[in-house]
Number of protein chains: 2
Amino acid sequence: MSTDDTAKEAIEVLQHLGLKEYEAKCFVGLSRVSSGTAKQLSEITDVPRTRIYDAIRVLEAQGLVEIQHSSPQQFRAVPVEEATETLRDQYEDRVERLQRALSRTEPVESNEEDRVQEVWSMSGTDAIANRANQLISNATEEVVLVLGDDSLLTDELVDSLNEVDPETELLIGAATESLESRVHRAVPNATTFVSGLEWLRNEGNVSENLAIGRLLLVDRSSILVSTIVPDTHEEQAIFGGGFRNGLVAISRRLLAQGLLPQHDPRPE
Amino acid sequence: MSTDDTAKEAIEVLQHLGLKEYEAKCFVGLSRVSSGTAKQLSEITDVPRTRIYDAIRVLEAQGLVEIQHSSPQQFRAVPVEEATETLRDQYEDRVERLQRALSRTEPVESNEEDRVQEVWSMSGTDAIANRANQLISNATEEVVLVLGDDSLLTDELVDSLNEVDPETELLIGAATESLESRVHRAVPNATTFVSGLEWLRNEGNVSENLAIGRLLLVDRSSILVSTIVPDTHEEQAIFGGGFRNGLVAISRRLLAQGLLPQHDPRPE
DNA sequence: GAACGTTGTGACTATGAGAGTGACAACAAT
DNA sequence: ATTGTTGTCACTCTCATAGTCACAACGTTC
């Protein structure tokens, strides 16, 4: 039963990685029997026997399955580590080709109007984290960062923080004391504090169903605020660039109010 | 024109990475204009204007595009490095989940009949390379390896070779002198030679259209032979395990004949 | 070697996702 | 007020893929 669930998960992941349903089922099925014939596989996987052959051929071409050309044919899945390694290789290959293709295609007339009153939105923890790290890396004067959740303190983030110019002021807040001490240890250069976000939590102006994720202000000119939807655990962010940006201005004032009284004595 | 081609390539790669046609086109289009509206994008990408919105939403959810919620909306692609980094993260995530799911699901009754007269086939350079490295890593007595093409001498292969037990005998042949010297430098522990494969090339028993790729014999009990189809550049391999395996026996004899007269004086 | 189940191939239908199009109300700009 | 733009829906068309069937080749059994 639990095995069934993990199997189902494995199948889904494989489909996300580009395999078709039959192919995914076949691979997962094969991963549990060391070797088998089309008929056996069909019974395990609920894939019509006559379509096993197609699926296996594709898998073989991808380097995920081996075929013994006997009669009847025997199929065997490549060991897990080998399979994932192969998938990884394929993927790296593609991303690299993408990178090259894109970088060679980029130059096109652009309407650089340099608007500064912009507010952009983005989604997805990975993308947001990358953007945050990027912003931090480009900081020259000041970084103000508030983390609302332990999981956001990733190694990459720590690296970015430790790589900024020593002249740059680092102000890092955390939602809990334990998180603050972790930050303090990881980024010795930073001034850390436990604050708050109470001022955000308590204001009823945002939908109740949002948890503050991170808050980042770089050089007082770029701001990134993310929220985490508790149910789906999805992260959403808005991101403002430019000095005279309204959002940035507001955020500066919010931070000034929220951060300076660093020890709000109200115990929650 | 050439920009058009690379753009097309980028689109294809993105589709392989899981994006739909419209999404891929939108992203590539956006990668060349710094920012744009739905109408502009539609003109660049040939995607129907009314469908731009769907595509962008998906891209946004994946962290590849930012949206400025003004009127009209402005769209902007995340910088290339950020995008690829995000894609990489997503992928790593999936592969890891796959690995966990698979390893937790593997235990199922298995018919370990331990046949030794097996010959398996596999395809794909990545998969074959991984299998080869795996085999080498498990070697305890002897590794005989012949490389038919420069491109097969990868860093991973070198690592595997240098990590075998020093007691293990390493015999590595190469198709050309330059390749041999590269091998010699990379794997000092190995006895290298320039041979031959003439004995394979000249025999008309295999379809003319095959170039020998690699040939690997480990501990005289496992053999891997790969061929490269010159046109498609696809690599195919057969792999035999087990001591008494017929293929292994044949290969041993072939190698004994082919390798010992190391310097076939015939100059090609 | 006759009879039966198994195996592999190819061709077929059905379904659903996604490509492509159009109608239309909300909006902005003279 | 008029006109073009913008965003949303609802729709059709096409094709990949899930799912089924007929059948010939093969192997196994008695």
Side-chain angles (χ1 to χ4, degrees), chain A residues 7-8 11-12 14-30 33 35-62 65-76 111 113 115 117-121, chain B residues 8 11-12 14-30 33 35-62 64-76 111 113 115 117-121:
Chain A
K8 210 172 284 177
I11 292 172
E12 278 173 22
L14 279 170
Q15 285 186 272
H16 279 165
L17 291 174
L19 297 192
K20 304 305 168 196
E21 184 184 331
Y22 286 171
E23 294 156 20
K25 284 183 175 175
C26 280
F27 182 77
V28 174
L30 269 186
V33 284
S35 96
T37 67
K39 193 186 183 196
Q40 297 174 302
L41 244 193
S42 167
E43 282 156 3
I44 301 176
T45 58
D46 283 326
V47 174
R49 185 187 60 83
T50 59
R51 310 298 318 277
I52 297 274
Y53 302 98
D54 308 72
I56 292 288
R57 257 190 287 275
V58 175
L59 288 172
E60 203 256 10
Q62 303 226 18
V65 156
E66 302 162 22
I67 301 179
Q68 184 183 10
H69 294 284
S70 50
S71 176
Q73 294 181 327
Q74 291 272 119
F75 308 126
R76 175 198 278 179
N111 46 348
E113 296 180 21
R115 308 199 192 179
Q117 291 287 353
E118 293 176 335
V119 179
W120 299 85
S121 74
Chain B
K8 210 172 285 177
I11 292 172
E12 278 173 22
L14 279 170
Q15 285 185 271
H16 279 167
L17 290 173
L19 297 192
K20 304 305 167 194
E21 184 184 331
Y22 285 172
E23 295 156 19
K25 284 183 175 174
C26 280
F27 181 77
V28 174
L30 269 185
V33 284
S35 96
T37 68
K39 194 185 182 197
Q40 297 175 300
L41 243 194
S42 166
E43 283 157 2
I44 302 176
T45 58
D46 283 326
V47 174
R49 185 187 60 83
T50 59
R51 312 291 328 271
I52 296 274
Y53 302 98
D54 308 73
I56 292 288
R57 258 191 286 276
V58 175
L59 288 172
E60 204 257 9
Q62 302 226 18
L64 297 177
V65 157
E66 302 162 21
I67 301 179
Q68 185 182 10
H69 293 286
S70 50
S71 177
Q73 295 180 328
Q74 292 272 117
F75 308 125
R76 174 198 280 179
N111 45 347
E113 296 179 22
R115 307 199 193 179
Q117 291 287 354
E118 292 176 336
V119 179
W120 299 83
S121 75

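Throughout, protein chains are lettered first and strands after them, A, B, ... in sequence-line order, and every chain is numbered starting at 1. Since this is a predicted model, take the numbers as computed values, not measurements.
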For atom CD of B:Gln15 and atom C1' of C:dA19, their distance in whole Å: 11 Å
Inter-end axis angle, the helix from C:dG1-D:dC30 to C:dT30-D:dA1, with every axis fitted to five base pairs (rounded, 10 degrees): 20°
Distance in angstrom units between B:Leu19 CG and C:dA19 P, rounded: 11 Å
Integer-rounded Å distance: D:dG7 C1' and B:Gln74 CD: 15 Å
Check: A:Val47 main-chain N/O paired with A:Ser42 side-chain donor or acceptor under 3.5 Å: yes
Residue pair B:Leu30 / B:Leu41, side-chain heavy-atom distance below 4.5 Å: yes
Rounded interatomic separation in angstrom, taking CD from A:Glu21 and C1' from C:dA17: 14 Å
Separation of atom CD1 in A:Ile52 from atom C1' in C:dG10, rounded to whole Å: 17 Å
Student check: side-chain heavy atoms of B:Ile44 and B:Val33 closer than 4.5 Å: yes
Interatomic distance where OH belongs to B:Tyr22 and C1' belongs to C:dA17 [whole Å]: 13 Å
Non-hydrogen side-chain atoms of B:Thr37 and B:Phe75 separated by less than 4.5 Å: no
Nucleotide of D:dT17, C:dG18, D:dT6 approaching B:Lys39 most closely (side-chain heavy atoms): D:dT6
Where protein sits on nucleotides 22-30 of chain C, one letter per nucleotide: B base, S sugar-phosphate only, - none, heavy atoms under 4.0 Å: B-----S--
Closest non-hydrogen atom pair between B:Thr45 and B:Lys25, with its separation: CG2-O, 3.3 Å
Whole-Å gap separating P (C:dG8) and CD (A:Gln40): 11 Å
Side chain to side chain, B:Gln15 and B:Glu21, heavy atoms closer than 4.5 Å: yes
Separation of atom NZ in B:Lys20 from atom C1' in D:dA16, rounded to whole Å: 11 Å
Donor-acceptor pairs under 3.5 Å, side chain of residues 49-57 of chain B to any protein atom, not counting sequence neighbours: which ones?
none

side-chain N/O B:Tyr53 vs D:dG7 OP1/OP2, d < 4.0 Å: yes
Where A:Ser35 and A:Arg76 come nearest, the two heavy atoms and their spacing: CB-CB, 4.3 Å
Minimum-distance nucleotide to B:Ala38 side chain [options: D:dT20, D:dG7, D:dA18]: D:dG7
Check: A:Leu19 and A:Leu59 side chains under 4.5 Å, non-hydrogen atoms: yes
Touch class at under 4.0 angstrom, heavy-atom based, for A:Pro48 against every strand present: base
